[in-house]
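Below is one structure; the comments refer to it alone.
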Amino acid sequence: MTPNPDREILIQNARCILTMDDERRELQHADILIRGNRVAAVGQGLTAAAGAEVINAENCLVTPGLVNTHHHLYQSLTRAVPGAQDALLFGWLQRLYPIWSGFGPEEMRVSALTGLAELALSGCTMTSDHLYLYPNGSRLEDTIEAAQEIGLRFHPTRGAMSIGESDGGLPPDALVEREEDILNDMIRLVDRWHDPAEGSMLRIGLAPCSPFSVSRELMRDTALLARDKGVMLHTHLAENDEDVAYSLEKFGCRPGQYAEDLGWTGDDVWHAHCVKLDGQEIDLFARTGTGVAHCPCSNCRLGSGIAPIRGMRDTGVKVGLGVDGSASNDMANMAAEARQAMLLQRVNLGADAMSAREALEIATRGGADVLGRPDCGRIAVNACADIAIWDLGQVESAGSHDPAGLLLTGPTKVRDLLVNGRKIVTSGHIVTIDLYQTISHQNTLARALVI
């Protein structure tokens, strides 16, 4: 839904606006004027046309909407599954694959609705999603419809698995697809749904699941297809020691070299995790403009390690944040994810390794840049009106001396959220769907999946 281009909203008298613009301005007691779906002005003493809606942001921090660069929305139906709670990556997957085999279109749609609502309440306005299994008639459209219903800006990726257990892969044969069918569906989805325009609410990416679940040929063919169609590429890479060992054994090289050999580097590519990238691989990503989706909570939960984000940032690698799937996080709170990113760099490298402001920049502008969206992730004239308003009058912020220290104090739930100039969260409540009904339906579906 696109707002009337002449409709105005005035966010008035914010205690602090962290713009994340090119100058990284921080404005005190300032306003934001939204016209239609764009930011029209940022500054003090702004006025709006007669009849404009005014949002009082007194004692609030205002930031760009947070950007989630890696998720598996379907996994919100399989949180805290016994037998998977304490497993490493490969064992965790082997426990969950049989449950995921029971999914169908309704499970995909409702789990996406739930996951998107959780993201929105944590300040997220734009998210990617990596859906790489399609059992029982499921389609990427199941998640697209959910995103359109809730109103978030959406970058779904058509994932895939093609090497099953009988061919030496990790997933069960029932969850893999023929590579010809995968490529044909990728073409169908891009032609039907991808919107490359500035301000787009929906862009499709292509995303074979991982080097251990698809063939070398599918990786290469997908890269060629993506370049032909002008869409982005995404996959998991160098997630943990098992991942690197697999690459060395099967391909005779490290994951970064494998990616480069198959055309999987460039400013139209972003990789998830990258916990085990070495110095040469970091230099490769910086040189080629390849992005990284950093998933600190999932990396901790699965015992994968601490990604070298400080080294990546210092070398010039584009880094955004991802909550990853809710079966490996097991939540999807972008504000909490940003705090975890900051704390992990500090515990690894020292208290001055990453500031709260830098972590928040990674969660906003950084993620938008990884997804190829310079029109998002910042509050500036002509930027998309994706804005999060945080109430600093709650107990989490009591006694705080720095209104911009959101990740040090909280809150981790927004008061108000606007996406494309449309109100999605008001006074801490989702207004585009019946959240309680969705949660009830989700829990009914989850109980039916237990095995």
Side-chain angles (χ1 to χ4, degrees), residues 70-75 93 97 100-109 111-112 127-148 154-197 200-237 258-259 261-266 268-272 325 371-372:
H70 184 65
H71 204 345
H72 307 293
L73 285 166
Y74 77 92
Q75 291 182 12
L93 284 169
Y97 279 143
W100 296 337
S101 296
F103 278 42
E106 185 65 359
E107 285 79 8
M108 293 295 186
R109 186 189 70 83
S111 61
T127 183
S128 67
D129 185 47
H130 189 185
L131 182 57
Y132 53 80
L133 45 82
Y134 298 86
N136 305 310
S138 301
R139 301 193 304 165
L140 194 66
E141 278 87 347
D142 303 324
T143 62
I144 291 172
E145 290 167 7
Q148 291 176 332
F154 199 36
H155 282 228
T157 62
R158 206 302 183 181
M161 298 189 294
S162 65
I163 300 179
E165 287 178 311
S166 62
D167 293 322
L170 201 64
D173 290 349
L175 285 179
V176 302
E177 302 172 90
R178 294 174 61 245
E179 295 190 350
E180 180 181 358
D181 295 338
I182 292 166
L183 291 166
N184 285 336
D185 198 47
M186 287 176 172
I187 294 169
R188 179 188 71 82
L189 287 162
V190 172
D191 289 347
R192 170 64 180 86
W193 294 105
H194 181 67
D195 178 7
S200 169
M201 289 292 290
L202 179 63
R203 290 186 182 176
I204 304 296
L206 306 183
C209 181
S210 64
F212 52 81
S213 58
V214 300
S215 71
R216 183 188 297 264
E217 290 71 28
L218 183 61
M219 291 288 287
R220 182 180 290 112
D221 289 347
T222 302
L224 293 172
L225 176 61
R227 267 75 192 233
D228 180 62
K229 293 289 187 180
V231 300
M232 294 191 71
L233 289 162
H234 183 53
T235 193
H236 299 89
L237 198 78
Y258 184 73
D261 289 347
L262 296 178
W264 276 76
T265 55
D268 58 351
V269 182
W270 85 105
H271 294 286
L371 295 180

Salt bridge (Lys or Arg N to Asp or Glu O under 4.0 Å) with Glu106: which residues, sequence neighbours excluded?
-> Arg109

side-chain contact (heavy atoms from CB on, under 4.5 Å) involving Ser128 - partner list, sequence neighbours excluded = His155, Trp270, Leu371

Do any N or O atoms from the side chain of Asp129 and from the backbone of Leu73 form a donor-acceptor pair under 3.5 angstrom?
-> yes

Qualifying residues under side chain to side chain donor-acceptor pair (under 3.5 Å), relative to Trp100, sequence neighbours excluded | Thr78

Going through the distances and angles, do Thr222 and Ile182 end up as a side chain to side chain contact (heavy atoms under 4.5 Å, CB included)?
-> CA-CA 9 Å; Thr222 302; Ile182 292 166; 5.7 Å; no

Who pairs with Asp221 by salt bridge (Lys or Arg N to Asp or Glu O under 4.0 Å), at least two apart in sequence or on another chain?
-> none

Sequence neighbours excluded, the answer for side-chain contact (heavy atoms from CB on, under 4.5 Å) partners of Asp191 is Ile187, Lys229

Between Glu107 (side chain) and Gly104 (backbone), is there a donor-acceptor pair under 3.5 Å?
-> yes

Between Leu218 and Leu183, is a side chain to side chain contact (heavy atoms under 4.5 Å, CB included) present by the stated rule, with each step listed?
-> CA-CA 8 Å; Leu218 183 61; Leu183 291 166; 3.9 Å; yes

Distance (rounded to the nearest 0.5 Å) between Arg227 CZ and Leu233 CG | 5.5 Å

Indicate yes or no for a side-chain donor-acceptor contact from Asp167 to the backbone of Gly164 under 3.5 Å, with no hydrogens or angles considered.
-> no

Distance col, row Thr143:OG1 vs Gln148:CD, nearest 0.5 angstrom, shows 9.5 Å

Taken to the nearest 0.5 Å, the spacing of Arg178 CZ from Ser162 OG works out to 11.5 Å

Can you name the side-chain contact (heavy atoms from CB on, under 4.5 Å) partners of Ser213, sequence neighbours left out?
-> Met161, Pro171, Cys209, Ser210

Applying side chain to side chain donor-acceptor pair (under 3.5 Å) to Asn184 and not counting sequence neighbours gives none

Distance-only polar pair, side chains of Tyr134 and Tyr74, donor-acceptor under 3.5 Å | no

From Leu262 CG over to Arg216 CZ, what is the distance, rounded to the nearest 0.5 angstrom?
-> 5.5 Å

Sorted by chain and number, sequence neighbours left out, ring pair (Phe, Tyr, Trp, His ring centres under 6.0 Å) with Phe154 holds for none

Would you list the pairs meeting ring pair (Phe, Tyr, Trp, His ring centres under 6.0 Å) in which at least one residue belongs to residues 157-187, sequence neighbours left out?
-> none

Is the side chain of Ser200 donor-acceptor paired with the backbone N or O of Pro196 at a distance under 3.5 Å, no angle test?
-> no

Test side chain to side chain contact (heavy atoms under 4.5 Å, CB included) applied to Pro156 and Asp142, Leu131, Leu202, the passing residue | Leu202

Do the side chain of Asn136 and the main chain of Ser101 share a donor and acceptor less than 3.5 angstrom apart?
-> yes

Side-chain donor/acceptor of His130 to backbone N/O of Ala207, under 3.5 Å | yes

Got a sec, which residues hit side chain to side chain donor-acceptor pair (under 3.5 Å) with His236, two or more places apart in sequence or on another chain?
-> His70, His72

For Leu206, does its backbone N or O pair with a side-chain atom of Arg158 as donor and acceptor, under 3.5 Å?
-> no

Residue pair Gly263 / Ala223: nearest heavy atoms and the distance that separates them | O-CB, 4.1 Å

Apply side-chain contact (heavy atoms from CB on, under 4.5 Å) to Glu165 and list each qualifying residue two or more places apart in sequence or on a separate chain.
-> Pro172, Asp173

Rounded to the nearest 0.5 Å, how far apart are CG of Asp181 and CE of Met186?
-> 11.5 Å

Contacts of Arg188 that satisfy side chain to side chain donor-acceptor pair (under 3.5 Å) - sequence neighbours left out = Glu141, Asp185

Taking all atoms of both residues into account, what is the closest heavy-atom pair of Met219 and Pro208, and its distance?
-> SD-CB, 3.8 Å

Between atom CZ of Arg139 and atom CE of Met108, what is the distance when rounded to the nearest 0.5 Å?
-> 12.5 Å

